[in-house]
2 protein chains.
Amino acid sequence: MSLPHILLGLTATPTSGYELKQKFDTTLRHFWFAELSQLYPALKKLVKEGLAEVETMPSEKGPDKKLYLRTAAGREELLKWLSTGPGTAPLRHPYLAQVFFLNEHQSHEQAIKFMEDLLTRIKGTCQTLQAIEDGWKDEDGGYPNQLNDDDFFTQLTLDAGLRVNKAYIEWCETSLERLKARAEK
Amino acid sequence: MSLPHILLGLTATPTSGYELKQKFDTTLRHFWFAELSQLYPALKKLVKEGLAEVETMPSEKGPDKKLYLRTAAGREELLKWLSTGPGTAPLRHPYLAQVFFLNEHQSHEQAIKFMEDLLTRIKGTCQTLQAIEDGWKDEDGGYPNQLNDDDFFTQLTLDAGLRVNKAYIEWCETSLERLKARAEK
DNA sequence: TGGGCCATGTAACCAGTTACATGATTGC
DNA sequence: GCAATCATGTAACTGGTTACATGGCCCA
């Protein structure tokens with residue numbers, strides 16, 4: 001059950017559900033996805049459990065905001081989660097499952113097309129991540145080892161995302177070579 | 001919605017729910033997890049939709065088996081899934097989320113411990129995958145490029161798992177070095 | 001006046017987990 | 001006689017998705 005804990009991590013300063021969604025879509029996108037419609041009830045539940053507090057504030061644009069701020073108990077709960085050790089989610093990788101059954105195609109052409117599509121897509125996400133890191137490099141002279149703790153750990157997750165994506169790209173490329181060699185026979 | 005399609009892929013020959021679960025736990029474990037209690041209703045649904053057929057057979061050990069076999073329509077549905085292009089599931093990586101908040105710890109010691117635990121665990125899964133690949137090498141002289149199509153694509157998914165796990169190991173190791181360097185200051 | 005962004009939410013649904021229930025066969 | 005493995009399932013619940021609803025503000 002990670003989402004509530006992530007929200008406790010993000011509400012160290014007062015933040016609205018809408019703002020949190022933007023954070024998921026930018027800074028956390030390479031390791032967590034959440035729907036806005038999922039955040040609102042989750043935040044409400046944190047308040048009910050005494051792990052966060054709400055305050056309603058007028059917004060500059062649009063309707064009132066509700067700013068959520070974790071309580072001391074909320075921070076405790078977050079620390080508890082961190083000290084349970086590395087968490088896991090059951091593996092579910094749809095495109096690897098598809099690769100597993102690619103032999104069902106009559107010809108290798110379609111398998112090759114599949115892998116080429118996959119390669120294009122992974123290269124795209126890799127570039128997105130790279131762009132974020134590059135932006136960081138420009139802003140910050142001491143990048144990456146002089147970063148403050150906040151940014152240091154954020155950069156660690158970015159680095160993980162980049163390395164994994166690069167590994168997938170190499171895998172796609174050598175797989176394509178192998179497939180093409182088989183197709184010629 | 002991948003699980004039904006995976007089951008259609010696995011029921012090219014008559015197979016029981018119990019046997020399918022074993023397949024998930026051995027051959028598919030590096031890219032998909034499913035509970036047994038999830039498989040039974042899913043198989044039933046495939047039959048209802050005309051994508052598979054059941055036949056009850058006495059078992060050598062224990063109670064009767066129900067052998068599921070995909071129909072022609074079932075195979076069509078599988079091919080349709082494959083030709084929709086690479087699928088994705090929304091990203092959810094609990095331990096990366098935890099790394100993101102590791103700055104909440106007062107000292108770096110706990111962060112270092114977290115990464116060490118993670119490294120140990122990832123090394124373990126990597127060894128499991130390596131053992132499978134090694135077993136394959138022994139059995140098969142022409143490994144990996146002379147494999148038949150079935151085994152070739154299975155090996156591709158294994159290769160993906162190994163590469164990604166190795167990327168994570170390298171990430172853990174360099175992250176630990178960087179963390180330790182910061183802790184000394 | 002119409003689209004995009006700001007901002008909140010609910011309800012129905014689907015996928016997956018956990019807990020429980022049943023019972024045969026095999027080997028110690 | 002008991003534990004492990006073989007074999008099938010159901011029910012309650014949780015986590016997440018999709019679709020829908022509301023309405024203000026800003027800019028072209």
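Just so it is clear: chains get the letters A, B, ... in the order the sequence lines come, proteins before strands, and each one is counted from 1.
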key: Interface residues of residues 40-53 of chain A with DNA chain D (non-hydrogen, below 4.0 angstrom)   = none
ask   = Atom CG of A:Leu3 to atom C1' of D:dT17: distance rounded to whole Å?
value = 13 Å
inquiry  = Measure CZ/A:Phe24 against C1'/D:dG15 and give the value in whole Å, please.
reply    = 14 Å
A:Asp64 and A:Thr56: CA distance, side-chain angles, deciding distance, side-chain hydrogen bond (donor to acceptor under 3.5 Å, both in side chains) verdict = CA-CA 7 Å; A:Asp64 285 0; A:Thr56 305; over 6 Å; no
message = So that I know where these two stand, are B:Phe100 and A:Phe31 an aromatic pair - ring centroids less than 6.0 Å apart?
response = yes
task = Answer with yes or no whether the side chains of B:Arg182 and A:Gln146 bring together a donor and an acceptor at under 3.5 Å.
result = no
message = Does the structure place the NZ or CZ of B:Arg29 under 6.0 Å from the centre of the six-membered ring of B:Phe24, at an angle of no more than 45° from the ring's axis?
response = no
Listed once per pair and sorted, the salt bridge (charged side-chain N to carboxylate O under 4.0 Å, His left out) pairs that draw on residues 80-89 of chain B, sequence neighbours left out = B:Glu77-B:Lys80
request  = Using the salt bridge (charged side-chain N to carboxylate O under 4.0 Å, His left out) rule, collect all pairs that involve residues 89-107 of chain A, keeping only residues at least two apart or in two chains.
outcome  = A:Glu104-B:Arg70, A:Glu104-B:Arg75
inquiry  = Nearest whole Å is fine: how far is D:dG15 P from A:Leu39 CG?
reply    = 14 Å
key: Euclidean distance, atom NZ of residue A:Lys65 to atom P of C:dA7 [Å, nearest integer]   = 4 Å
message = What's the closest nucleotide to the side chain of A:Lys66 if the choices are C:dG16, D:dG9, C:dT8?
response = C:dT8
message = Please list, in numerical order, the residues of residues 82-93 of chain A that have a heavy atom closer than 4.0 Å to any atom of DNA chain C.
response = A:Pro90, A:Arg92
task = Return the residues of residues 10-23 of chain B meeting this criterion: a heavy atom under 4.0 Å from some atom of DNA chain D. Order them by number, or give none.
result = B:Ser16, B:Gly17, B:Tyr18, B:Gln22
message = Enumerate the ring pair (Phe, Tyr, Trp, His ring centres under 6.0 Å) contacts for residues 43-99 of chain A, please, sequence neighbours excluded, ordered by first and then second residue.
response = A:His5-A:Trp81, A:Tyr95-A:Tyr168
request  = Can you run down the salt bridge (charged side-chain N to carboxylate O under 4.0 Å, His left out) pairs that involve residues 164-175 of chain B, sequence neighbours left out, and say none if there aren't any?
outcome  = B:Lys123-B:Glu173
request  = Find the distance between CG (A:Leu69) and CG (A:Leu51) and round it off to the nearest 0.5 Å.
outcome  = 12.0 Å
For nucleotides 18-27 of chain D, print each protein N/O atom paired with a nucleotide N/O atom at under 3.5 Å, atom names and distance only.
unit_1, atom_1, unit_2, atom_2, d
D:dT18, O4, A:Ser37, OG, 2.9

key: Those residues that, when tested against B:Ala89, pass side-chain contact (heavy atoms from CB on, under 4.5 Å) (two or more places apart)   = A:Pro94
task = Not counting sequence neighbours, list each pair that qualifies as a ring pair (Phe, Tyr, Trp, His ring centres under 6.0 Å) and has a residue in residues 105-130 of chain A.
result = none
Interatomic distance where CG belongs to B:Asp64 and C1' belongs to D:dG9 [whole Å] = 14 Å
inquiry  = Give me each pair satisfying side-chain hydrogen bond (donor to acceptor under 3.5 Å, both in side chains) with a member in residues 32-42 of chain A, each pair once, sequence neighbours excluded.
reply    = none
key: Nucleotide of C:dT8, C:dT17, D:dT8 approaching B:Phe33 most closely (side-chain heavy atoms)   = C:dT17
query = Applying salt bridge (charged side-chain N to carboxylate O under 4.0 Å, His left out), which residue pairs with at least one partner in residues 10-20 of chain B are found, sequence neighbours left out?
reply = B:Glu19-B:Lys65
